[in-house]
Amino acid sequence: MHRSRYLPAGLLLLMASGAVSAQSAHTGTAQASLLNQVLQLGLGLLLVVGLIVVMGYLMRRVGPLAPQGGQHIRLISALPMGPRDRLLLIDVGGKQILLGASPGRINTLHVFDEPVAEIPQDKLAGGDFAQKLQSFLRREEKP
């Protein structure tokens, strides 16, 4: 039989009694070394779990670090030009910009002095997923 199979039970008995059997100097130092390693592992685990709890508390208290709502860049329209290329019309602070987007590259094609398209109302509302889902569910209930 393997001795390692009974090692955890032996450690529990050793920690519960608080006494180290002194059959020989060699086994006593080996058990003390093992006990030190187990205590270090347990303290490290408690430290990590404590840090997770503290960080969770701070994140709930402070809130998310990313700003909520109030986006200053809005996508007005997108037109696919191929399997991976597309034209994008965006609004940045009241100015509309036409962009060409392809994998790995975005080019400004034109900056319009006057708006060429109106921003859809759902884009102005913030485009929150929960709001979109609620409006979709309301539309499903009406008929």
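Residue numbers run from 1 in the order of the sequence given.
Here ring pair (Phe, Tyr, Trp, His ring centres under 6.0 Å) pairs that include residues 74-95, with residues two or more places apart or in two chains, number zero. Each ring pair (Phe, Tyr, Trp, His ring centres under 6.0 Å) pair with one or both residues in residues 83-110, not counting sequence neighbours, appears once here: His110-Phe112. Applying the side chain to side chain donor-acceptor pair (under 3.5 Å) test to pairs two or more places apart or on separate chains, those with a residue in residues 91-106 are Arg105-Asn107.
Residues Val48 make up the rest of the hydrophobic cluster containing Ile52, defined by ILVMFWY side-chain heavy atoms closer than 4.5 Å, directly or through other members. Grouping Ile, Leu, Val, Met, Phe, Trp and Tyr residues whose side-chain heavy atoms lie under 4.5 Å apart, directly or via other members, leaves Leu41 alone, with no other cluster members.
With sequence neighbours excluded, no residue forms a side chain to side chain contact (heavy atoms under 4.5 Å, CB included) with Glu114. Listed by chain and number, the residues in a side chain to side chain contact (heavy atoms under 4.5 Å, CB included) with Pro103 are Arg84, Asp85 (sequence neighbours excluded). The side chain to side chain contact (heavy atoms under 4.5 Å, CB included) test applied to Leu79 returns Met81, Leu87, not counting sequence neighbours.
Taken together through direct or relayed side-chain contacts under 4.5 Å among Ile, Leu, Val, Met, Phe, Trp and Tyr, Ile97 and Ile106 form part of one hydrophobic cluster. Hydrophobic clustering (side-chain heavy atoms under 4.5 Å, transitive across Ile, Leu, Val, Met, Phe, Trp, Tyr) groups Val111 together with Leu88.
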Working for side chain to side chain contact (heavy atoms under 4.5 Å, CB included), residues Val92 and Ile90: CA-CA 6 Å; Val92 180; Ile90 64 169; 3.7 Å; yes
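Note that the CG atom of Leu89 and the CD1 atom of Ile76 stand 4.5 Å from one another [nearest 0.5 Å].
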